[in-house]
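As the structure is a computational prediction, the values presented were derived from the model and not from experiment. Remember, it's 1-based here, ligands and their atoms both numbered in the order they're listed.
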Amino acid sequence: MASNTVFFCKECGYESAKWLGKCPGCNSWNSFVEEKVNKKSSISASNKGFSATFDNKSEVKKLNEIVVQKTVRLSTGYAELDRVLGSGLVEGSLTLIGGEPGIGKSTLIMQVCGNLSKNGKVLYVSGEESEVQVKMRADRLKIQSDNILFLSETNISQIEEKIEETTPKFCIIDSIQTMYDEEISSVPGSISQVKEVTARLMYLAKRKGITIIVIGHVTKDGVIAGPRILEHMVDTVLYIEGERFFSHRIVRGVKNRFGSTNEIGIFDMQDVGLVEVSNMAEVFLSDTSSNLPGTAIVATVEGTSTILLEVQALTSHSYYNMPRRVANGIDLNRLSMILAVLEKRCSINLGTQDVYVNVIGGIRIDEPAVDLAIAMAIVSSYKNIQIDKSTVFIGEVGLTGEIRSINNFEKRVKEISKMGYNKIFGNKKQIENLKKDTLDKNVELIGIASIDEAINYILKGSRC
Ligand code: TYD
Ligand code: MG
């Protein structure tokens with residue numbers, strides 16, 4: 001066994017024999033860390049993870065002759081989570097659940113364990129918390145099952161042994177950063193350890209048909225290897241997102257070898273654990289009944305779900321040489337572009353104004369369909385006029401001030417009308433082409449070709 005040092009990129013796991021200032025893999029700067037690795041004479045475990053058959057000898061086969069066995073899907077007991085996974089966990093798959101520390105990964109997985117235990121034996125391996133801590137959480141979540149086994153261990157060889165002994169159907173690893181392989185000299189949580197342990201777990205999942213869920217912390221400073229490095233190794237990657245000061249937790253599918261990605265599931269963190277949110281469409285709307293200047297509502301699409309969100313804007317006279325632009329939940333460049341369009345095409349002079357934009361509920365939207373709502377919220381604040389609270393804006397704003405068409409238009413309109421909103425602003429052509437007979441008669445559809453037209457409408461209809 002030869003000992004060697006190699007350099008890894010903290011961001012993407014790129015491996016290099018010498019230190020590099022810029023990573024050729026992901027272009028990040030100053031991201032290389034040195035790690036000791038022991039080269040094993042046997043086949044590298046990471047290669048084992050990718051082999052389909054795991055036999056020493058592989059055969060060349062005709063693609064047409066390969067028989068696809070039906071994948072067995074196992075429900076987690078939560079419809080929101082099953083949808084993100086593509087109708088449940090696939091038997092014998094390895095799923096990674098990432099998220100910042102304290103976001104609720106262990107809580108969610110413990111709740112899932114309670115449901116999975118009805119289906120078979122679950123082995124919960126924790127390297128982070130003691131058995132008492134895990135038991136206390138389970139008690140708090142009211143999870144009681146003889147089918148859940150607990151193991152406090154961090155050595156992957158020991159874990160493998162215990163799995164052989166107990167033959168569980170499901171295995172939880174909490175968390176990947178605490179596990180280590182004794183043949184590698186670097187510390188637990190380092191890139192080579194995390195990669196090696198994951199490869200061994202992947203091998204175990206495929207060989208024994210055990211469904212494994214691995215928890216991984218995402219840390220911003222990169223001291224501990226982020227699970228991003230593992231994304232290409234595992235079958236499915238989910239991230240739990242949410243703001244510390246909000247109780248909503250969004251479970252997002254980032255990679256899925258057995259289904260679509262981009263789905264989200266919404267949970268609410270309560271004192272009894274994470275509770276599914278089923279009225280997803282309006283969960284992020286603020287609860288004030290009055291409509292104040294500076295707010296506009298938009299319908300955004302995440303996977304198969306349509307969510308209504310409230311965009312708030314505030315413009316105020318600037319005392320800086322360079323006015324402040326603050327964007328929360330949207331891209332700052334997008335905001336700059338919208339401000340430039342408003343100034344150039346609509347003669348709304350915001351050059352002396354500080355502009356703050358915030359999406360309510362701590363959620364982030366990256367799709368361009370939100371442009372029109374951002375622009376309207378800004379105009380509403382600047383002109384100090386209220387926008388009727390039953391109005392929703394959907395449309396992308398182009399550089400000439402035109403309102404561009406967006407995807408899933410019909411789906412959004414249907415959801416908006418279902419939620420009781422009765423005025424929808426959108427691209428003129430898309431509104432003309434819409435099949436209106438399926439919609440509520442009270443819904444007023446206002447097709448606009450340019451942002452000017454939308455501004456004129458709200459100025460006319462304002463009550464201030
Ligand atoms: P945890 O699952 O331990 O986070 P992670 O594993 O991602 O680090 O969750 C920790 C937070 O969840 C903690 O701040 C307390 C909160 N929590 C509740 O609000 N309700 C509950 O029922 C539980 C178990 C935790
Ligand atoms: Mg935890």
Is a side-chain donor-acceptor pair under 3.5 Å present for [Y] with [X]?
X      : Y      : result
Glu34  : Thr5   : yes
Thr76  : Asn115 : no
Glu128 : Thr178 : no

Enumerate the protein residues lying less than 4.0 Å from ligand 1, judged by heavy-atom distances, in chain and residue-number order.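 The answer is Glu100, Pro101, Gly102, Ile103, Gly104, Lys105, Ser106, Thr107, Arg137, Arg140, Leu141, Met269, Gln270, Asp271, Val272, Gly273, counting any residue whose heavy atom sits under 4.0 Å from ligand 1.
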
Please state whether the rings of Phe267 and Tyr78 are parallel, tilted or perpendicular, taking 30° and 60° as the class boundaries.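 Answer is perpendicular, since the angle exceeds 60°.
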
Neighbouring protein N, O or S atoms of the Mg ion (ligand 2) [cut-off: under 2.8 Å, no waters]: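 Metal shell, protein only: Ser106 OG.
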
Could you pull out all residues at least two apart from Phe425 that satisfy ring-ring contact (aromatic ring centres under 6.0 Å, His included)?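 ring-ring contact (aromatic ring centres under 6.0 Å, His included) list for Phe425, sorted by chain: Phe393, Tyr457.
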
Holding to ring-ring contact (aromatic ring centres under 6.0 Å, His included), I want the full list of residues that pass it with Tyr320, two or more places apart in sequence or in another chain.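 Checked Tyr320 against ring-ring contact (aromatic ring centres under 6.0 Å, His included); zero matches.
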
Quickly, which of Arg200, Gln193, Lys195 forms a side chain to side chain donor-acceptor pair (under 3.5 Å) with Asp181? Name it, please.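 Answer after filtering Arg200, Gln193, Lys195: Arg200.
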
Please lay out, stage by stage, how Asn333 and Arg325 fare under the test side-chain hydrogen bond (donor to acceptor under 3.5 Å, both in side chains). CA-CA 10 Å; Asn333 289 331; Arg325 270 82 177 92; over 6 Å; no

Lys105, Arg252, Glu100 screened by side chain to side chain contact (heavy atoms under 4.5 Å, CB included) with Ile240, the one that passes: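 Checked Lys105, Arg252, Glu100 against Ile240; only one passes side chain to side chain contact (heavy atoms under 4.5 Å, CB included): Lys105.
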
